[in-house]
Amino acid sequence: MTVYYTKDHEWLRVEGDVAVVGITAHAAEELGELVFVEAKEDGTAVAQGDSVAVVESVKAASDIYAPVSGTVVGFNAALTDDPTLVNGAPEGEGWILKLRIADAGQLASLLDAAAYAALVG
């Protein structure tokens with residue numbers, strides 16, 4: 001199981017050919033308390049960099065971008081009732097969606113934990 005990060009503050013954890021996607025603790029902290037989370041419907045094909053979800057906080061609404069190309073295969077339904085799961089455990093039970101990876105070669109363009117930590121300082 002490998003975790004990758006984007007410069008847009010998303011993380012993804014690869015489990016076989018599926019990526020579990022969320023926002024980083026840094027992003028969750030910057031957004032503040034989330035009040036709404038929505039993702040594209042299952043079966044939606046997205047290209048790397050496409051908007052794949054929206055998170056709204058008391059401060060602002062932000063798009064979540066697909067870290068790799070793929071097909072949406074799941075949404076964390078627990079976020080419908082409690083969007084603050086993202087704030088409490090952004091890289092745990094606050095995951096947002098799952099993508100079936102279309103091109104595993106795109107993973108090479110993402111950051112590892114050390115590079116992401118250096119990015120956010």
Side-chain angles (χ1 to χ4, degrees):
M1 181 169 56
T2 304
V3 180
Y4 299 90
Y5 298 87
T6 72
K7 292 178 181 174
D8 293 321
H9 310 289
E10 291 100 10
W11 60 266
L12 73 147
R13 182 177 58 239
V14 177
E15 300 175 354
D17 65 345
V18 172
V20 180
V21 179
I23 63 172
T24 65
H26 173 80
E29 184 177 320
E30 290 293 313
L31 285 167
E33 183 178 327
L34 294 186
V35 295
F36 180 76
V37 180
E38 181 180 65
K40 301 276 186 188
E41 292 184 21
D42 283 6
T44 303
V46 294
Q48 186 178 36
D50 285 355
S51 175
V52 71
V54 174
V55 294
E56 291 183 28
S57 71
V58 294
K59 293 181 179 177
S62 297
D63 286 326
I64 305 301
Y65 301 103
V68 293
S69 299
T71 303
V72 177
V73 294
F75 172 68
N76 185 353
L79 299 179
T80 301
D81 293 331
D82 187 4
T84 63
L85 288 173
V86 175
N87 298 103
E91 296 188 31
E93 62 183 13
W95 64 274
I96 296 173
L97 62 106
K98 294 182 179 181
L99 284 175
R100 185 165 315 283
I101 299 169
D103 180 0
Q106 292 175 337
L107 295 170
S109 68
L110 302 176
L111 305 173
D112 62 17
Y116 182 73
L119 177 72
V120 297

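We're numbering straight along the sequence, starting at 1. Predicted model only: the values in this text are computed from it and were never measured.
Between Val35 and Val58 there is a side-chain heavy-atom pair separated by less than 4.5 Å. By the 4.5 Å heavy-atom criterion applied to side chains, Arg13 and Thr2 are not counted as neighbours. Side-chain contact between Leu99 and Val21 is present, with heavy atoms from C-beta onward closer than 4.5 Å. Put simply, the side chain of Pro90 does not reach to within 4.5 Å of the side chain of Leu85, judged on heavy atoms. The side-chain heavy atoms of Leu12 and Leu107, taken from C-beta on, include a pair separated by under 4.5 Å. Glu15 has its side chain within reach of Val20: a pair of non-hydrogen atoms, C-beta onward, lies under 4.5 Å apart.
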query: Does the side chain to side chain contact (heavy atoms under 4.5 Å, CB included) test come out yes or no for Lys98 and Val72, once each step is laid out?
result: CA-CA 6 Å; Lys98 294 182 179 181; Val72 177; over 6 Å; no
Steps toward side chain to side chain contact (heavy atoms under 4.5 Å, CB included) verdict (Leu31, Ser62): CA-CA 8 Å; Leu31 285 167; Ser62 297; 3.3 Å; yes
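At least one donor-acceptor pair under 3.5 Å links the side chain of Asn87 to the backbone N or O of Gly32. Of the possible donor and acceptor atoms, one in the side chain of Asn76 sits under 3.5 Å from a partner among the backbone N and O of Glu93. Side chain of Trp11 to backbone of Ile23: a donor-acceptor contact under 3.5 angstrom is found. The backbone N or O of Ser69 sits less than 3.5 Å from a side-chain atom of Gln106, completing a donor-acceptor pair.
Sorted by first then second residue, the ring-ring contact (aromatic ring centres under 6.0 Å, His included) pairs that include residues 33-59, not counting sequence neighbours, number zero. For residues 33-49, every residue pair satisfying the side chain to side chain donor-acceptor pair (under 3.5 Å) rule, not counting sequence neighbours, is listed here: Gln48-Ser109. Annotation: ring-ring contact (aromatic ring centres under 6.0 Å, His included) contacts involving residues 64-121, sequence neighbours excluded, comprise Tyr5-Tyr116, His9-Tyr116.
No hydrogens or angles considered: nothing links the side chains of Glu91 and Thr24 as a donor-acceptor pair under 3.5 Å. In this structure, a donor-acceptor pair under 3.5 Å is absent between the side chains of Thr6 and Asp8.
When the side chains of ILVMFWY residues are joined at heavy-atom separations under 4.5 Å, either directly or via intervening members, Val14 and Val68 end up in a single hydrophobic cluster. Transitive grouping of hydrophobic side chains (ILVMFWY, heavy atoms separated by less than 4.5 Å) brings Val3 and Leu119 into a common cluster.
Of the listed residues (Val37, Val55, Leu97, Leu34), just one forms a side-chain contact (heavy atoms from CB on, under 4.5 Å) with Leu79, and that residue is Val37.
In this structure, CG on Asp17 lies 4.5 Å from CZ on Arg100, to the nearest 0.5 angstrom.
In plain terms, the two heavy atoms of Ala115 and Asp112 that are nearest each other are N-OD1, 2.8 Å.
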